[in-house]
Structures are given as structure tokens and as C-alpha cells.
Amino acid sequence: MDYYVMTLFPEMIDTCLSTSITGRAAKKGILGFHTVNIRDYATNKHGHVDDYPYGGGAGMVIQAEPIHLACEDIKKNIGNSPRVIYLTPQGRVFDQNMAKELAKEEELILLCGHYEGIDERIIEMDVTDCISIGDYVLTGGELAALVVIDAVSRMVPGVLSNSESGMNESFEDNLLEYPQYTRPVEYQGLRVPDILLSGHHANVTEWRRKQSLLRTAQYRPDLLEKVKLTKKDMDYLKDFLCN
Ligand code: 6GU
């Protein structure tokens with residue numbers, strides 16, 4: 001899977017993605033990260049890529065031409081026309097299902113805006129998908145692009161090791177993860193729940209399921225509507241909600 005990130009701050013993208021699991025996958029050749037500096041496509045000698053908005057108002061707008069040229073150059077070089085994702089608070093809110101869908105692509109182009117935005121004609125001409133990472137405003141699209149790339153990459157086969165892949169289960173079924181513990185058994189007077197020390201696998205599984213249900217009901221009741229609940233789950237939750 002190859003990512004092409006159009007940005008004015010390529011070092012922000014490079015630094016993050018060369019670290020940790022994405023960095024390891026890039027070294028193995030499973031993922032390819034390519035940053036494209038929009039400024040390299042400025043058509044004036046000053047390297048300006050932004051200008052005042054027509055109609056007035058605060059801030060600057062990134063011009064259509066450098067972005068369009070950068071995008072065309074990427075497509076020409078790879079000999080393909082992949083999806084072009086623009087990171088914007090006006091986009092569809094990103095979730096795990098979108099991450100799974102995007103992980104099926106061979107290549108993705110991501111476009112990071114800055115200032116007050118980009119010329120709308122880029123969205124008409126070049127952008128195929130608009131994605132937001134949540135209802136708050138960032139100073140630019142770079143952090144959002146990194147969030148999307150990270151979440152998509154861990155769904156690409158081979159990126160996670162076998163033991164890391166186990167972590168997929170958490171959001172998979174719309175339940176929050178159960179609590180985890182490691183040694184020592186007691187820390188600062190706080191003990192690991194006895195059931196986890198019992199060696200009784202079926203009981204542990206049941207306890208974890210209940211913990212996941214409880215946490216989801218407590219912290220993310222909105223998710224609970226999407227969970228496929230068994231009869232046992234319902235009985236347990238009913239007891240909890242009534243007490
Ligand atoms: Cl994708 N971009 C910016 N600038 N702000 C955001 C966002 C994206 N998602 C949430 N806030």
C-alpha cells in the first residue's frame with residue numbers, strides 16, 4: 001500500500017510515519033510513504049501557494065494550481081488514478097469501517113489543507129473523498145492525515161504481528177476493550193482481579209465480555225445500539241442498568 005501525502009509540512013508526516021509500527025512496515029516494504037511538498041509546485045518565483053479569498057474575509061486560501069499540478073504529477077508517476085482524500089472538518093467523520101474499506105486500496109493520495117482552506121475547484125476537480133476526524137478544528141490537515149494513515153495501515157495485512165492483530169477485536173464488534181493487567185499481582189495496594197489469576201479460561205472470557213459490555217454501557221452507550229447482544233449479554237446488562 002502506497003500513500004502520497006500532499007502537504008506544506010512534509011517533515012511532520014515523515015517524522016511520525018517513520019516511527020513505531022508504520023515505520024517498521026515501511027522498512028519491510030509493506031507500506032510506502034511519499035510526501036509531496038505543495039510548495040514545490042508554486043508557479044511564482046517567491047514560492048507562494050496561497051492568496052487572499054475572493055469576497056474578502058480573514059485568512060488565506062491555498063491556490064488551485066499548485067495542488068492540481070502536484071496531484072497530476074503523482075498520478076503520472078504511479079501510472080494510476082487513486083482516490084484523493086481531502087482532510088477537512090466538513091468531511092464524513094472517520095471510523096473503523098472507513099479504515100477497513102480504505103485498507104483495500106493499492107494507493108491513496110491524501111491532501112492536507114492549511115490556512116482558511118483550499119480553492120473549492122480542487123475539491124470539484126481532484127478530490128474523491130472528504131474526511132474529518134471529529135468535531136473540533138485543527139490548524140491543518142496533517143494530524144488528521146496521520147490519524148487516517150495509522151488507522152488504515154494497521155488493517156493492511158502484514159502490518160501487525162500476530163500478537164498485535166489480536167487487538168483488532170476491540171472496535172470490531174463495537175465494544176470497548178476490557179481492562180488489562182500485567183505483573184505484579186499487587187501494585188500500590190491494588191490487586192489484579194482474582195478471576196484473571198484462576199487459570200479458568202472460560203471464566204476469564206466471560207468476565208472480559210462483561211467488562212466490555214459494562215464499559216461500553218457506561219462510557220459509550222451510543223455504541224451499544226450497534227452491538228449484536230446475546231441473550232446472556234442482555235440479562236447481564238439488564239441487571240447492571242437496573243441496579
Ligand atoms: Cl480533517 N482538518 C482540520 N483542519 N480540522 C479538523 C479535521 C480535519 N478533522 C477535525 N478537525
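- Cluster annotation: L108 is connected to I131 through the hydrophobic network of ILVMFWY side chains, with a link wherever side-chain heavy atoms come within less than 4.5 Å.
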For S18 and D14, run side chain to side chain contact (heavy atoms under 4.5 Å, CB included): C-alpha distance rounded to whole Å, both residues' side-chain angles, the deciding distance at 0.1 Å, then the answer.
-> CA-CA 6 Å; S18 60; D14 293 331; 5.7 Å; no
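- Across all their heavy atoms, P53 and G59 have their closest contact at CD-O, 3.2 Å.
- Proximity of I13 to Y3: side-chain heavy atoms (C-beta onward) are nowhere separated by under 4.5 Å.
- Counting heavy atoms from C-beta on, the side chains of K232 and E206 come closer than 4.5 Å.
- Rounded to the nearest 0.5 angstrom, I62 CD1 and H114 NE2 are separated by 7.5 Å.
- Between L224 atom CG and L175 atom CG the span is 7.0 Å, to the nearest 0.5 Å.
- By the rule that hydrophobic residues join a cluster once side-chain heavy atoms approach within less than 4.5 Å of another member, L138 and L17 end up as members of one cluster.
- Ring geometry for H34 versus Y4: interplanar angle under 30°, hence parallel rather than tilted (30 to 60°).
- A tilted orientation is assigned to the rings of W207 and Y181, their planes being inclined by 30° to 60°.
- Rounding to the nearest 0.5 angstrom, the gap separating the OH atom in Y236 from the CG atom in L241 is 10.5 Å.
- The structure places CG of D129 at 5.5 Å from CD1 of I85, a figure rounded to the nearest 0.5 Å.
- Other residues, nucleotides and ligands contribute only 12 or fewer heavy atoms inside 6.0 Å of the OH atom of Y187.
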In sequence, state the C-alpha distance, the side-chain angles, and the governing distance for L229 and L213, and then conclude on side chain to side chain contact (heavy atoms under 4.5 Å, CB included).
-> CA-CA 9 Å; L229 295 172; L213 288 165; 3.6 Å; yes
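- R39 contributes a side-chain N or O that, together with a main-chain N or O of G47, makes up a donor-acceptor pair within less than 3.5 Å.
- Between the T216 side chain and the L176 main chain, a donor and an acceptor come within less than 3.5 Å of each other.
- When side chains are defined from C-beta on, K75 counts as touching V84, because their heavy atoms get closer than 4.5 Å.
- Remark: N44 CG is packed, more than 12 non-hydrogen atoms of other residues, nucleotides or ligands lying under 6.0 Å away.
- In this structure, the separation between CZ on R121 and CG on D126 is 12.0 Å, given to the nearest 0.5 Å.
- Electrostatic pairing of D150 and R154 does not count as a salt bridge here, judged by no charged N lying under 4.0 Å from a carboxylate O.
- Side-chain contact check for D50 versus E116: every heavy-atom pair is 4.5 Å or farther apart.
- In terms of modelled atom types and a separation under 3.5 Å, the side chain of T15 and the main chain of M12 share no donor-acceptor contact.
- Looking at R191 and L197, their side chains come closer than 4.5 Å, going by heavy atoms from C-beta outward.
- Dense packing is recorded around CZ of R83, with more than 12 heavy atoms of other residues, nucleotides or ligands lying under 6.0 Å away.
- In this structure, a donor-acceptor pair under 3.5 Å is absent between the side chains of E106 and N80.
- Under the 3.5 Å distance criterion, with hydrogens and angles disregarded, a donor-acceptor pair is assigned to the side chains of T230 and D233.
- Clustering ILVMFWY residues whenever any of their side-chain heavy atoms sit less than 4.5 angstrom apart, transitively, puts Y52 in the very cluster that holds I38.
- Judged purely by atom type and a 3.5 angstrom limit, D73 has no side-chain atom pairing as donor or acceptor with the backbone of L69.
- Smallest separation of non-hydrogen atoms from M1 and A103: SD-O, 4.3 Å.
- Cluster annotation: V49 is connected to M125 through the hydrophobic network of ILVMFWY side chains, with a link wherever side-chain heavy atoms come within less than 4.5 Å.
- Taking CD1 from I118 and CE from M6, the interatomic distance works out to 8.0 Å, rounded to the nearest 0.5 Å.
- In terms of hydrophobic clustering, with Ile, Leu, Val, Met, Phe, Trp and Tyr side chains grouped at heavy-atom distances under 4.5 Å, L190 and Y178 are assigned to different clusters.
- Nearest heavy-atom pair across C71 and I109 is SG-CD1, 4.5 Å.
- A side-chain donor-acceptor contact under 3.5 Å links R24 to the backbone of V159.
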Could you walk me through whether D235 and K238 pass side chain to side chain contact (heavy atoms under 4.5 Å, CB included), step by step?
-> CA-CA 5 Å; D235 290 343; K238 246 183 258 158; 4.1 Å; yes
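- Residues Q63 and D119 fail the side-chain proximity criterion, which asks for heavy atoms closer than 4.5 Å.
- The shortest distance between side-chain heavy atoms of H46 and H48 falls below 4.5 Å.
- Heavy atoms only, all atoms of each residue included: P66 and A42 are closest at CB-N, 4.3 Å.
- The environment of K226 atom NZ is sparse: at most 12 non-hydrogen atoms of other residues, nucleotides or ligands sit within 6.0 angstrom.
- Scanning all heavy atoms of the two residues, the minimum distance from M155 to K100 falls at CE-CG, 3.5 Å.
- Residues V36 and Y41 have side chains in contact (heavy-atom distance under 4.5 Å, counting atoms from C-beta outward).
- The minimum heavy-atom distance linking H68 with I122 is given by the pair N-CD1, 3.7 Å.
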